[in-house]
There are 2 protein chains.
Amino acid sequence: MLWQRAQEPHAHRWSLPGGALGDREDIEASIKRQLAEKVDVRQLSHVEQLSVFSAPDRVPGPRVVATAFLGLVPSDIDPEIPADTAWFPVDGLPETAFDHRSIIHKARHRLGSKLSYTNLGFALAPPDFTISALRELYSAALGYRVSATNLQRVLSRRGLLEPTGDTSPPGPTGGRPAALFRFSARGILVTDQFAVLRPPSGGRPAGAGATS
Amino acid sequence: MLWQRAQEPHAHRWSLPGGALGDREDIEASIKRQLAEKVDVRQLSHVEQLSVFSAPDRVPGPRVVATAFLGLVPSDIDPEIPADTAWFPVDGLPETAFDHRSIIHKARHRLGSKLSYTNLGFALAPPDFTISALRELYSAALGYRVSATNLQRVLSRRGLLEPTGDTSPPGPTGGRPAALFRFSARGILVTDQFAVLRPPSGGRPAGAGATS
DNA sequence: CGAGGTTTTCGCCTTTGGGTCGAAAACGTG
DNA sequence: CACGTTTTCGACCCAAAGGCGAAAACCTCG
């Protein structure tokens, strides 16, 4: 979501929401305060710090150091936004102000990574969803196709997926009705260990093989 | 590496090196400038941004927002440091100033994570090393024992380990001489895909099984 | 100089986890 | 009620990572 600047510098360019840090707030509170002027911040399902951008000339005029945040909204919510703001696909950005384009790309990269090794998907999905719908969400966020079979198995094995018991009616062209699921753990949750060099676990059970 | 504050606030407590951001520098340059007053910054093998700490009361007096960085030094280097500074093990910190203890713990966590899915080990190891030495480094940084067999295999498969051809002489109690290795890629390098939901690859080759 | 202790290295095995495919199930429609 | 559609499930596969234990290479001491 970007808003179009009315004044110089960079008038008419599209810009991320933001503003100055207040005396009695930390940066996350400030972000939410700034954002509240554009949308209902209660619709945000997840907010996390991204990175600091501090190049001396990143904006013209007096020095500005920016701390960027990544915020997510569930896919079933379409927030009301004011006239000077609009949603853009990450792959089709307009001309942006300052260094905001690189901030956005950094955010997209972070989202892709975290989808893989956390349950951050809960922040993108509605409370109940079908595997197909979740598959489309993940595909869009990651930028490549993921298989529904796999997605379900991976999330299930981690104990993150929970069937609601209900089914969603099939589309206009028929087809088997899809089972509905929800995420069982809401808060953000990191996979115990990431890729490699886990402490102890698998391998050959002690006292098994006696070769030759 | 901490230095002991001489003046209030928090006199005599131990503190991370740092200072105010200058007008014509970005934060990374500032960090290095501050740090240069304590050690030779050319010995740093890796520097990366950690996080911003912005609680309004994190330090007494005028508002201070801090951007914390993680810096690494190879294990074979023991930098000269001034009288008011000292090295501490992360598990045995003295009484620290402000919120520096939580900053340190965040840094340690980041280090552990990145060791798993990047080749960040190159920043901790000397140019040439034995697998045993590397194992000790990883164990210390991760906080749990890793097996030498496994470490070597994991790093080799990623193409990060390269034998020098030399061997290092055994210790005073004898033992087989250890082969020396070096990291083939110096710059930081992320594992192509992290844990799960890779694009396409493995699995059953097309047109193989014809069950029953 | 060989027996015995030590450290490293290597080969073989197991477990885990992610991937592919095809068939079966459950729907709508003509 | 045959047919196209979508979802779900089961069978199989491969790669990566962990665990031993044996073999290799070295030192020291009797």
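Every chain is numbered from 1 and lettered A, B, ... according to where its sequence line falls, protein lines coming before strand lines. Note: hydrogens, waters and symmetry copies are ignored here, and every other heavy atom, side chains too, is used.
- In terms of position along DNA chain C, the nucleotide closest to B/Thr130 lies nearer the 5' end than the nucleotide closest to the other residue of the pair B/Thr130 and A/Thr173.
- Atom OH of B/Tyr138 and atom P of D/dG18 are 12 Å apart (whole Å).
- Picking from D/dC26, D/dC20, D/dA17 the nucleotide with the shortest atom distance to the side chain of B/Arg158 gives D/dA17.
- The nearest whole Å value for the distance from the OH atom in B/Tyr144 to the P atom in D/dA17 is 12 Å.
- Side chain of A/Arg176, nearest nucleotide from D/dT6, C/dT9, C/dT6: D/dT6.
- Separating the CZ atom of B/Arg135 from the P atom of C/dT8 is a distance of 9 Å, rounded to the nearest angstrom.
- Pairing each heavy atom of B/Leu115 with each of B/Gly121, the nearest pair is CD2-N, 3.7 Å.
- Checked against D/dA17, C/dC10, D/dT8, the side chain of A/Ile131 finds its nearest nucleotide in D/dT8.
- Computed from coordinates, the A/Gln152 CD to C/dG17 P distance equals 17 Å when rounded to whole Å.
- For the pair B/Pro170 and A/Ser132, nearest-nucleotide mapping onto DNA chain D gives the more 5' position to A/Ser132.
- For A/Asn150, a side-chain nitrogen or oxygen approaches OP1 or OP2 of C/dG19 to under 4.0 Å.
- Annotation: the span from A/Leu161 atom CG to A/Ile131 atom CD1 amounts to 5.0 Å, rounded to 0.5 Å.
- Look at CG on B/Asp166: it is 13 Å from P on C/dT9, rounded to the nearest Å.
- When distances are taken from the side chain of B/Thr149 to each of D/dT6, C/dT20, D/dG19, the shortest belongs to D/dG19.
- Whole-Å rounding puts the B/Phe181 CZ to C/dC10 C1' distance at 12 Å.
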Throw together a table of side-chain donor-acceptor distances under 3.5 angstrom for residues 68-88 of chain B, partners on residues two or more places apart or in other chains.
unit_1	atom_1	unit_2	atom_2	d
B/Ser75	OG	B/Leu124	O	3.4
B/Asp84	OD2	B/Lys38	NZ	3.3
B/Thr85	OG1	B/Pro82	O	3.0

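- To the nearest 0.5 Å, atoms CG (A/Leu151) and CG (A/Leu134) are separated by 5.0 Å.
- A residue-by-residue look at B/Arg153 and B/Pro172 shows that B/Arg153 has its nearest nucleotide of DNA chain D further toward the 5' end.
- The separation between B/Glu136 atom CD and C/dT7 atom C1' is 12 Å, rounded to whole Å.
- Counting any heavy atom pair closer than 4.0 Å across all strands shown, A/Ala179 reaches sugar-phosphate atoms only and no base atom.
- Nearest-nucleotide positions on DNA chain C for A/Gly175 and A/Arg157 put A/Arg157 closer to the 5' end.
- Note: B/Phe122 and B/Phe183 have perpendicular aromatic rings, judged against thresholds of 30 and 60 degrees for the angle between ring planes.
- Nucleotide D/dT8 holds its C1' atom 14 Å from the CG atom of A/Leu180, rounded to whole Å.
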